[in-house]
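Here the structure is laid out as structure tokens; the discussion comes afterwards.
All chains are named by letter (A, B, ...) in the order of the sequence lines, taking the proteins before the strands, and each is independently numbered beginning at 1.
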Amino acid sequence: MMPDLGKYAATVLLAYGVSLGLIAALIAASLLRSARLRRALARAEAEVRKSKA
Amino acid sequence: MSPLRAVLGRELRLALRSGGGAGLGLAFFLTVILLVPFGTGPDPDRLATIAVGTLWIGALLACLLSLDRLFQTDFEDGTLDILALSPLPMEMTVALKCLAHWLTTGLPLVIAAPVLAITLNLPGAAAPWLIASLAVGTPALSFLGAIGGALTVGIRRGGLLLSILVLPLYIPTLIFGAATVRAAIDGTDPTPPLLLLTGLTLAILALAPFAAAAALRINLR
Amino acid sequence: MHPMSIWRYANPVEFLRVSGAALPWFWAGTALCLATGLAWGFFGTPDDYRQGSTVKILFLHVPAALMAINAWLMMLAASLIWIIRRHHVSALAARAAAPVGAVMTVIALFTGAVWGQPMWGTWWVWDPRLTSFFILFVFYLGYIALWNAIDEPDRAADLTAVLCLVGSVFALLSRYAVFFWSQGLHQGPSLSLDRQENVDNAFYWPLLICIAGFILLFLSLVLLRTRTEIRARRLRALQNLQARA
Amino acid sequence: MQMHTEKIGLFTVARGESGSGGDRTVRPRRFPHALPPPLPPGYAKTMALEFTDLCCSRAGLPVLTGLSHRVEDGGITLLRGPNGAGKSTLLRVLAGLLPPESGTATLDGIHLGSSRDAWTEAVAFAGHLDAVKPQLTVAENLRFWAALLGAAGIDAALDAFDLGALADRAAHACSAGQKRRLGLARLALVPRRLWLLDEPAVSLDAAATTALTRLVGAHRAAGGMALIATHTDLDLAGAATLTLSPAPPGITTGPARPDPFLADIAR
């Protein structure tokens with residue numbers, strides 16, 4: 001299944017590997033920060049509701 | 001005394017009095033030029049090839065050095081509040097401060113550069129073009145620096161951020177300025193890059209005060 | 001306000017609601033397009049007679065370069081909307097887009113360098129296009145740094161909008177100055193609306209799908225990150241509220 | 001809450017209750033072509049400072065929440081209130097440095113935000129910072145401001161705070177009180193309709209405080225108005241008092257604008 005990349009195999013695989021790695025890292029960082037703020041906000045909302053009640 | 005002369009005179013006086021640091025940019029420029037041969041070796045031919053770039057980048061950095069004082073002290077002691085409420089438009093005040101900055105920082109560099117060019121073995125025929133390109137280009141450095149200074153005026157220890165914001169703005173000026181001198185060295189016509197540099201500087205002189213004044217007003221809120 | 005006005009979505013609550021519903025579809029589209037386009041490009045295209053298999057880098061390089069520029073244009077538009085109409089979501093979207101644009105620039109630069117190595121015999125040449133992207137990357141860094149340096153969110157939005165306007169002018173100026181400074185090694189545009197002038201047909205469709213995938217990826221990431229920024233602003237507002245109570 | 005539209009630049013925007021639509025921070029624009037709202041009849045000729053429903057927040061925190069007050073021709077108002085009540089913010093708003101989020105202010109019929117020149121020529125602002133350059137002498141500091149503001153000379157200003165003996169002293173050699181006197185002496189350079197003073201008596205001795213009240217008295221006698229934020233008692237007979245209190249713990253900064261990020265739990 002793997003195509004024959006010839007003498008440039010290292011070059012092509014390096015380009016694909018690093019690019020996809022960077023995209024994955026960006027998505028992961030965005031998702032992690034999203035989850036962290038979601039939790040922090042939920043806590044803060046609960047506190048506001050509690051102090052209001 | 002007109003308000004314009006009042007602002008300009010005050011800026012010059014402050015720069016020249018103790019603690020103003022008018023000579024510091026020049027001293028920095030000298031030091032940078034002194035260090036370069038230690039990095040490249042004393043070979044005159046090699047020095048000649050990098051002389052233009054070294055001189056222009058030295059001038060750029062020397063100009064950058066004093067930019068954080070351009071508005072910061074006035075912001076911290078409340079002067080900027082009163083200047084913003086004066087009959088002078090903020091844009092004019094900014095332009096005058098930039099002019100004073102150029103007179104105390106840029107102009108000494110223009111005068112010192114040809115002398116230092118000799119130590120870097122710059123061909124003598126290129127020296128007039130070096131003076132011309134610096135004379136035309138350094139005002140743009142002061143005016144562009146004002147944008148960065150105005151953006152970072154409210155940030156404590158904003159000096160490093162200021163350099164990151166301002167240095168990329170210097171790229172076109174550096175390209176045309178250095179190209180002028182390189183053309184003179186190579187024996188081609190140096191006027192096209194010099195004219196482009198002049199146009200660029202004039203556009204920056206006209207527009208940068210508006211951006212800087214807008215940023216200052218935001219910071220004065 | 002008219003109920004169908006697009007400014008309705010500038011309300012943070014409304015934006016959260018609509019973007020939350022849309023986001024899964026954007027992610028699905030991204031995954032579909034990127035998987036199809038990249039797999040087709042990687043496995044299903046022939047080697048170029050001159051460039052060999054390195055031509056496969058095209059499917060990352062061109063879309064990333066496109067998005068590096070488009071992300072800045074989107075930030076410019078969002079900054080203008082913030083300056084003119086003062087919609088908070090717009091300013092936050094500009095902030096959210098900056099790191100995405102910066103990563104796209106890095107990908108474009110890296111794939112360009114890796115591609116150039118066997119073709120030009122060196123990892124880096126000061127080619128006008130590569131240099132312009134390097135400059136663009138520095139503008140991204142400055143923009144992100146300014147956002148992070150200012151505590152007050154509205155002031156940060158104002159000042160970064162000014163920087164974005166100034167930066168746009170100078171990024172464009174630098175581009176022309178850089179072309180003046182060095183003539184390039186790059187080939188001309190690889191994609192235009194006129195298919196006759198395009199790259200070979202075998203590369204056309206997978207490239208198009210990859211570009212669609214990168215656009216969707218950008219939109220998904222910006223939506224996700226804007227939602228995060230909105231939550232951060234609300235968290236800050238709630239904390240202020242608690243501190244004063 | 002009534003809704004009216006207003007032409008601002010290229011856009012027609014709704015003013016008033018923003019409802020569910022958008023989160024626009026409604027603030028008066030400084031564009032010279034922005035038309036101010038029409039004055040009520042019989043209002044334009046009034047020589048007074050009047051502000052209505054001023055709302056303003058700093059760093060996301062509401063500070064002024066719908067403040068209204070009127071200073072008549074020749075009137076003095078002392079601003080009182082604990083730290084953080086918004087005295088300095090109010091003065092910065094009225095100076096024209098800080099655009100209010102909502103509310104209006106008029107000075108002798110001029111609308112705040114309609115004409116920068118007309119407004120800045122009518123007010124004098126002395127903030128809690130003295131705007132004194134330590135490298136310059138006392139006289140040089142004053143001469144600069146005189147030239148900038150178009151004053152004839154600095155003698156009257158020197159006399160007002162008895163600075164004649166200090167004229168040639170470098171400002172960095174002056175005490176805090178002397179610097180304060182130098183900063184306040186700026187007020188005596190050119191006549192202005194409205195003085196906005198932020199804690200003017202801080203670090204002043206008894207004699208200088210008397211000089212300050214004398215200066216304010218002369219300003220009032222000439223028909224001027226003043227808004228003075230102060231914690232110390234100033235001997236100004238007939239001065240009105242406006243007491244500011246810190247914004248109540250709540251959501252909104254005023255009738256016009258709920259925090260867009262707290263819209264769902266606003267009133």
Side-chain angles (χ1 to χ4, degrees), chain A, chain C residues 23 27 30 34 38 41-48 51-61 63-64 96 99-100 102-104 106-108 110-119 213-214 217 220-225 227-239 241-242 245:
Chain A
M1 186 60 211
M2 190 69 190
D4 178 22
L5 296 170
K7 59 178 173 168
Y8 299 128
T11 306
V12 176
L13 290 177
L14 185 66
Y16 270 73
V18 171
S19 300
L20 294 179
L22 276 173
I23 292 173
L26 181 63
I27 294 176
S30 304
L31 284 173
L32 278 178
R33 188 166 131 78
S34 169
R36 203 177 61 230
L37 269 156
R38 215 184 262 264
R39 275 197 306 273
L41 186 59
R43 247 195 326 271
E45 304 267 13
E47 257 172 56
V48 168
R49 265 196 301 278
K50 201 166 61 198
S51 67
K52 266 196 164 179
Chain C
L23 203 48
W27 281 123
T30 306
L34 275 187
L38 287 178
F42 192 80
F43 297 109
T45 55
D47 287 357
D48 186 79
Q51 305 190 16
S53 61
T54 57
V55 76
K56 294 185 193 303
I57 297 174
L58 181 84
F59 303 108
L60 290 167
H61 181 71
V100 185
V103 169
M104 290 297 167
V106 172
I107 293 176
F110 182 79
T111 51
V114 168
W115 197 354
Q117 201 276 327
M119 293 302 111
F214 268 74
L217 173 68
S220 314
L221 279 169
V222 169
L223 283 183
L224 173 69
R225 298 178 65 92
R227 288 164 64 78
T228 308
E229 296 296 339
I230 291 174
R231 292 206 172 93
R233 279 297 293 274
R234 182 170 167 95
L235 179 64
R236 193 188 155 97
L238 286 178
Q239 281 165 348
L241 204 62
Q242 292 293 87

| remark: Looking only at heavy atoms, the pair that brings A:S30 and C:L224 closest together is CB-CD2, 3.6 Å

| message | Just so I understand: if I count every heavy-atom pair under 4.5 Å between each of C:V100, C:L34, C:V114 and chain A, which residue has the most? | response | C:V114

| query | In terms of heavy-atom pairs under 4.5 Å with chain C, which of A:A10, A:A44, A:S19, A:A35 leads? | reply | A:S19

| task | Please state whether the side chain, the backbone, both or neither of C:R231 comes within less than 4.5 Å of a heavy atom of chain A. | result | both

| query | Atom CG of A:L41 and atom CZ of C:R236: how far apart are they, to the nearest 0.5 Å? | reply | 14.5 Å

| request: Check each atom of C:L217 against the heavy atoms of chain A and say whether the ones under 4.5 Å are side chain, backbone, both or neither. | output: side chain

| request: Please name the pair of heavy atoms, one in A:Y8 and one in C:P118, separated by the smallest distance, quoted to 0.1 Å. | output: CE2-CB, 3.4 Å

| Does any heavy atom of chain A fall under 4.5 Å from the side chain of C:L221, the backbone, both, or neither of them? | side chain

| Region of A:R36 in contact with chain C, defined by heavy-atom distances below 4.5 Å | neither

| query | How many angstroms lie between atom CG of A:L37 and atom CD1 of C:I230, to the nearest 0.5 angstrom? | reply | 12.0 Å

| request: Taking all heavy atoms of A:V12 and all of C:K56, pick out the closest pair and write down the distance. | output: CG1-CB, 4.2 Å

| said: Which atoms of A:L20 are under 4.5 Å from chain C, going by heavy atoms: the side chain, the backbone, both sets, or neither? | reply: side chain

| request: With the side chain counted from C-beta on, respond yes when C:M104 and A:L26 share a heavy-atom pair under 4.5 Å apart, and no when they do not. | output: no

